[in-house]
Visitor: 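Sharing a structure with you now.
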Protein chains: 2
Amino acid sequence: MSDERPDPGTVRPGGRTAKTREAVLRAAGDALAEDGFDRLDLAEIARRAGVGKTTAYRRWGTVPGLVADLLTEMAAESLPRTETGTLLGDLTAQARLVQSTLSDPRQGPLFKALITAAACDAQTADALHRFYRTRTDEWAPCVTAAIERGEVPAGTDPHEVIRAVSAPLYYRLLVDGGPIDQPTADRAARAAHTAAKAGAFTS
Amino acid sequence: MSDERPDPGTVRPGGRTAKTREAVLRAAGDALAEDGFDRLDLAEIARRAGVGKTTAYRRWGTVPGLVADLLTEMAAESLPRTETGTLLGDLTAQARLVQSTLSDPRQGPLFKALITAAACDAQTADALHRFYRTRTDEWAPCVTAAIERGEVPAGTDPHEVIRAVSAPLYYRLLVDGGPIDQPTADRAARAAHTAAKAGAFTS
DNA sequence: CCTTTAACGCAACTGGAGTCCCGTTATGAG
DNA sequence: CTCATAACGGGACTCCAGTTGCGTTAAAGG
């Protein structure tokens with residue numbers, strides 16, 4: 001009885017354990033960006049990280065499990081905020097940030113792989129949703145400010161506006177295959193802005 | 001030299017070959033919807049289809065290869081068209097069709113798996129893009145008609161409008177994890193309609 | 001500093017996905 | 001109908017992702 005063992009890394013999280021986690025998560029990000037989700041095994045990631053494969057299997061178990069941990073880590077680091085003073089300006093800045101991220105040679109494939117992993121595993125999906133919830137929360141204030149300025153109707157759902165800006169860009173990345181360029185970003189921002197002003201996102 | 005062999009199924013496509021293809025594609029769709037993309041192997045699909053696993057490996061080689069064939073098949077079958085007479089009506093009908101598809105217990109997971117497969121394999125990605133290109137082409141005329149009626153500015157890109165309707169729903173399916181319900185669909189249609197009228201989608 | 005044991009690394013092992021060989025079925029042409 | 005061979009099916013085989021056992025290193029508490 002009571003031979004229950006706590007998850008590895010929770011009892012002695014300092015020194016070597018932290019180093020290992022950092023090295024493996026970094027290697028996992030690199031591998032995901034380069035090879036994609038499906039051609040990955042923990043042994044390869046462990047080799048890149050300079051760590052025994054047994055360690056990787058013991059602590060994370062599966063590739064999706066590791067990705068979930070990576071997402072939790074990514075959610076912790078925050079993004080630089082911008083405040084242009086107008087809603088259209090803020091939304092355009094957001095759209096361009098997403099655009100440059102998704103079209104980046106490293107970040108684009110990485111995000112595609114992260115979303116792919118989430119589609120294959122419930123635990124990873126939870127982590128992904130938390131990650132985007134965090135990001136959306138960071139951007140929401142610019143919509144709230146616009147409501148206070150009277151730029152958009154009261155009752156507008158900030159999260160809905162933020163999602164409307166990102167959605168077309170992710171649609172291209174995952175579904176459509178079309179280009180993810182700055183005109184696309186600006187168009188997404190403009191469309192969301194127009195719709196928001198017209199009260200399309202009031203709850 | 002010239003020991004090049006044509007792809008299996010191309011020389012004698014009749015009778016048994018066609019039956020096999022049909023059975024395997026059906027089984028593949030079922031398996032994708034139930035288990036998802038990553039826990040799939042061709043042997044299991046072959047077993048479901050009542051076909052030798054050697055046949056499946058010889059003709060399709062890999063799971064993504066099979067999914068690509070399934071997508072080609074799906075692109076061939078057309079969707080029922082609707083004509084309500086107004087752009088908002090047509091876009092709402094489209095949004096609700098996508099919504100009911102993505103929230104369907106079988107179709108939702110299936111589409112998620114198809115997109116996941118496309119994210120892992122270039123050939124499958126091509127097939128997916130062709131599939132959505134076909135679907136978008138089927139819907140585009142309702143925007144063209146709206147331009148002719150003067151509902152939206154000349155120069156509006158029909159494909160861009162169609163994409164704007166679908167994008168928020170796919171965003172929820174793949175990225176956000178939020179509910180895919182009828183209010184969401186109607187909101188997407190309304191937002192796209194408003195933005196289109198305001199000229200946000202002119203090229 | 002000393003002790004306990006969490007966490008690690010190496011190497012041997014295992015199971016199942018994917019391949020190969022070869023005999024059988026049945027398509028399509030003449 | 002007959003023939004050549006495309007396509008299929010069963011089963012043995014291979015190879016590597018993931019597991020297990022055990023000795024080693026070092027984190028945390030005293």
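Note that the structure is predicted; figures quoted are calculated from it, not measured. In the text below, chain A, chain B and the rest are named by the order of the sequence lines, each starting its count at 1.
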Visitor: For Arg58(A), which residues count as a salt bridge (Lys or Arg N to Asp or Glu O under 4.0 Å) partner, sequence neighbours excluded?
Guide: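 Partners of Arg58(A) under the salt bridge (Lys or Arg N to Asp or Glu O under 4.0 Å) test: none.
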Visitor: Can you tell me the distance, in whole Å, between the NZ atom of Lys53(A) and the C1' atom of dC10(C)?
Guide: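 Rounded to whole Å, this separation is 10 Å.
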Visitor: Write out all pairs satisfying ring pair (Phe, Tyr, Trp, His ring centres under 6.0 Å) with one or both partners inside residues 102-134 of chain B, taking only residues at least two apart or from two chains.
Guide: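 Ring pair (Phe, Tyr, Trp, His ring centres under 6.0 Å) check on residues 102-134 of chain B returns Tyr132(B)-Tyr170(B).
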Visitor: How would you list, by chain and number, every residue that makes a side chain to side chain donor-acceptor pair (under 3.5 Å) with Asp35(B), sequence neighbours excluded?
Guide: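 So Asp35(B) forms no side chain to side chain donor-acceptor pair (under 3.5 Å) with any residue.
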Visitor: Take the C1' atoms of the five end pairs on each side of the helix from dC1(C)-dG30(D) to dG30(C)-dC1(D), get both axes, and report the angle to 10 degrees.
Guide: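 It works out to 60° between the end axes.
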Visitor: I'd like to check the salt bridge (Lys or Arg N to Asp or Glu O under 4.0 Å) partners of Asp121(A); sequence neighbours left out, ordered by chain and number.
Guide: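 For Asp121(A) there are no salt bridge (Lys or Arg N to Asp or Glu O under 4.0 Å) partners, ignoring immediate neighbours.
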Visitor: Counting only side-chain nitrogens and oxygens, does Arg21(B) get under 4.0 Å of the OP1 or OP2 atom of dA7(D)?
Guide: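 False: Arg21(B) side-chain N/O out of range (4.0 Å or more) of dA7(D) OP1/OP2.
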Visitor: Can you tell me which residue pairs pass the ring pair (Phe, Tyr, Trp, His ring centres under 6.0 Å) test with a partner in residues 48-73 of chain A, sequence neighbours excluded?
Guide: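 Sorted pair list comes back empty.
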Visitor: Measure from the side-chain N and O atoms of Arg163(B) to the backbone N and O of Pro168(A), and report whether any donor-acceptor pair falls under 3.5 Å.
Guide: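 No.
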Visitor: CD of Glu22(A) versus P of dC8(C): gap in Å, rounded?
Guide: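 For the pair Glu22(A) CD and dC8(C) P, the rounded distance is 14 Å.
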Visitor: Would you tabulate the side-chain donor-acceptor contacts of residues 38-45 of chain A under 3.5 Å, counting partners in other chains and residues two or more places apart, or write 'none'?
Guide:
unit_1   : atom_1 : unit_2    : atom_2 : d
Arg39(A) : NH2    : Cys120(B) : O      : 3.3
Glu44(A) : OE1    : Arg47(A)  : NE     : 3.4
Glu44(A) : OE2    : Arg47(A)  : NH2    : 3.2

Visitor: To the nearest angstrom, how far is Trp60(A) atom CH2 from dA7(C) atom C1'?
Guide: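 Rounded to whole Å, this separation is 11 Å.
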Visitor: By the 4.0 Å heavy-atom rule, please label Thr20(B) as base, sugar-phosphate, or nothing.
Guide: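 Sugar-phosphate contact only.
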Visitor: CZ of Arg47(B) versus P of dA17(C): gap in Å, rounded?
Guide: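 Going from Arg47(B) (CZ) to dA17(C) (P), I get 12 Å.
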Visitor: For residues 25-44 of chain B, which residues have at least one heavy atom under 4.0 Å from DNA chain D?
Guide: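 Heavy-atom cutoff 4.0 Å gives no residues at all.
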Visitor: Sequence neighbours excluded, which residues qualify as salt bridge (Lys or Arg N to Asp or Glu O under 4.0 Å) partners of Asp157(B)?
Guide: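 Counting only residues at least two positions away or on another chain, Asp157(B) forms no salt bridge (Lys or Arg N to Asp or Glu O under 4.0 Å).
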Visitor: One thing to verify: whether Lys19(B) and Glu22(B) come together as a salt bridge, which I'm taking to mean a side-chain N less than 4.0 angstrom from a carboxylate O.
Guide: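 No, no charged N to carboxylate O under 4.0 Å.
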Visitor: Taking only residues two or more places apart in sequence or in another chain, which ones pass salt bridge (Lys or Arg N to Asp or Glu O under 4.0 Å) with Arg59(B)?
Guide: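 By the salt bridge (Lys or Arg N to Asp or Glu O under 4.0 Å) rule, Arg59(B) matches no residue at all.
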Visitor: Indicate every side-chain donor-acceptor pair of residues 189-199 of chain B with a distance under 3.5 Å to a residue at least two apart or in another chain.
Guide:
unit_1    : atom_1 : unit_2    : atom_2 : d
Arg190(B) : NH1    : Ala200(A) : O      : 3.4
Thr194(B) : OG1    : Arg190(B) : O      : 2.8

Visitor: Quick one: what's the B/S/- string for nucleotides 20-30 of chain D, heavy-atom cutoff under 4.0 Å, read 5' to 3'?
Guide: BB---BBBS--
